2 protein chains.
Amino acid sequence: MSREGIQKEESWTISDLAQQLDVSTRTIRYYEELGLITPSRTEKGSRHYSRKDRARLRLILRGKRFGFSLDQIREMIELFGEDRTGRAQLLRTIEYGNQKLAEIDEKIMELRHLREDILVYKQNFEQKLLEENEEEKR
Amino acid sequence: MSREGIQKEESWTISDLAQQLDVSTRTIRYYEELGLITPSRTEKGSRHYSRKDRARLRLILRGKRFGFSLDQIREMIELFGEDRTGRAQLLRTIEYGNQKLAEIDEKIMELRHLREDILVYKQNFEQKLLEENEEEKR
DNA sequence: CATCAAGTTGACGTTTACGTAAACGGCAGT
DNA sequence: ACTGCCGTTTACGTAAACGTCAACTTGATG
C-alpha cells in the first residue's frame, strides 16, 4: 500500500534557504528586520523556514531584480498578506493588485524597448564586421 | 523647392533634459561624473546636450529601472561606444551584445512569473469577494 | 570533553545613488 | 545697478541594502 498523505513537513534552516536561493543569511535576516518574512522559531530560537516562507522570499528576490525597493515589496506583501475582510477592503486590495499588474506590464514593455536598443547597437557592430570582411576580399 | 537637409541642430540645456526625462539635474551631472555621458560645453562652460546624448541618457534611465547598477550600465555603454576595430574585437563585442540580450530575455521571463504570482494573489481576493456576496444573499 | 560548525543578536562599516547647500559667474529685465 | 534665475563646481549629508565582526549558545563529533 502506498502511504498517502505523508507530509514531508519540509522546512529549512536559514543557511539551507540561503544556499537554495543564493543570498546571504545576513540578507535574509535583514528582510526579517524589515518585516518581510517572519519564520517560525525552534525552542532554542533558531529560524525555521516553511515552503511558504521560501515562496515569499523568492517573491521578494524576484521583485528586487526589477528595481522594486524593499519598501514597495513590503507594501505589496502586507496588502496581500493581511486578512482583509469586508467588500470595501477587498475591493481596494483587488484594485491595488490591478495597479501592480499594470506596472509590471509597463515594465515588460520597457524591457522590450531596452532590448531593441541593444539589438540596434549589436547590429551596428555586425555591420562593421561585414565591412571588415569585404575589405579583406579586396 | 523643399529645403532638404536642414539640420534643426537640436540641443538642450541640462534643465531642459532633466524636465524631458524627469530626473534631477544633479542626477545628470552625477552620471557625467561616472563617465556615462559627456555633453559638449558652450564657451562659457554650460553643458549642451545633443539628441545622441539624450538617447544615451534614456538608455541609462531605462537600464536603471530594471535593477542594473550604474556600473553595469557603464560597462555596457563603454563596450558599445568604443570604436572597436578588428574582427576579434568586433566578435567579442557582438558576443557581449548577445549575452545582454539573453539576460534581458531572462528578465522578461521572470517578470512574467512575477506577474503570475501577483495575479494569483489577486484572484484569491476576488474569490473572497464572491464568497462575501454569497453570504449576503443568504 | 574539547572543539568546531552553525545558529543567535548587536553594532558598526561600506557602497551606491543621489540630495542639498554654499559660493560664485552670466544674462535678462526693470 | 539691482534683482532673479539659471548655470557651474566643491563638498558634505543621507537613505537603502546589505557586509563584517564580535561575543555568545548550542548541538554534533572525533
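The structure presented is a predicted model; accordingly, all values stated were derived computationally and were not measured. In what follows, chains are A, B, ... by sequence order, proteins preceding strands, each numbered from 1.
- Each of C:dT8, D:dT8, C:dC18 was ranked by its minimum atom distance to the side chain of A:Arg41; first place goes to C:dT8.
- The base of D:dT9 lies outside donor-acceptor range of the side chain of B:Arg29, with no N or O pair under 3.5 Å.
- Not one side-chain nitrogen or oxygen of A:Arg26 sits closer than 4.0 Å to the OP1 or OP2 atom of C:dA11.
- Look at B:Thr27 and you won't find any side-chain N or O under 4.0 angstrom from OP1 or OP2 of C:dA17.
- Taking atom CD1 of residue B:Ile37 and atom P of nucleotide C:dC18, one finds them 11 Å apart after rounding to whole Å.
- For the pair B:Arg47 and D:dG7, the criterion of a side-chain N or O lying under 4.0 Å from OP1 or OP2 is not met.
- Side-chain proximity of A:Lys64 to the nucleotides C:dG7, C:dC18, D:dA17 is greatest for D:dA17.
- Here CZ of A:Arg62 is found 12.5 Å from CZ of A:Phe68. Values are rounded to the nearest 0.5 Å.
- Across all non-hydrogen atoms, the minimal contact from B:Arg65 to A:Lys107 is O-NZ, 3.2 Å.
- The 5' end of DNA chain D is approached more closely, in terms of each residue's nearest nucleotide, by A:Leu34 than by the other of A:Lys44 and A:Leu34.
- Taking atom CG on A:Leu36 and atom P on D:dA16, their separation rounds to 13 Å, with Å as the unit.
- Closest to the side chain of A:Tyr30, from the set D:dC18, D:dG7, C:dC18, is D:dC18.
- Checked against D:dG7, C:dT9, D:dT8, the side chain of B:Ser15 finds its nearest nucleotide in D:dG7.
- Computed from coordinates, the B:Ile28 CD1 to D:dC6 C1' distance equals 14 Å when rounded to whole Å.
- The separation between B:Ile73 atom CD1 and C:dT16 atom C1' is 12 Å, rounded to whole Å.
- Annotation: cation-pi pair B:Lys122/B:Phe125 absent, no NZ/CZ under 6.0 Å from the ring centroid and within 45° of its normal.
- The two residues B:Glu110 and A:Phe66 come nearest to each other via the heavy atoms CB-CZ, 3.5 Å.
- Atoms OH (B:Tyr31) and C1' (C:dT16) sit 11 Å apart, rounded to a whole Å.
- Residue B:Asp16 contributes atom CG, which lies 11 Å from atom C1' of D:dC6 at whole-angstrom precision.
- Rounding to whole angstrom units, CD1 of residue B:Ile60 and P of C:dT16 are separated by 16 Å.
- OP1 or OP2 of C:dA17 has not a single side-chain nitrogen or oxygen of B:Arg74 nearer than 4.0 Å.
- Look at CZ on B:Arg65: it is 15 Å from P on C:dA17, rounded to the nearest Å.
- The side chain of B:Ser69 sits closest to C:dA17 out of D:dC18, C:dA17, D:dA17.
- For the side-chain hydrogen bond (donor to acceptor under 3.5 Å, both in side chains) test, no residue two or more places apart in sequence or in another chain qualifies with B:Tyr121.
- If you check D:dA11, C:dA17, D:dG7 against the side chain of B:Thr13, the one that comes closest is D:dG7.
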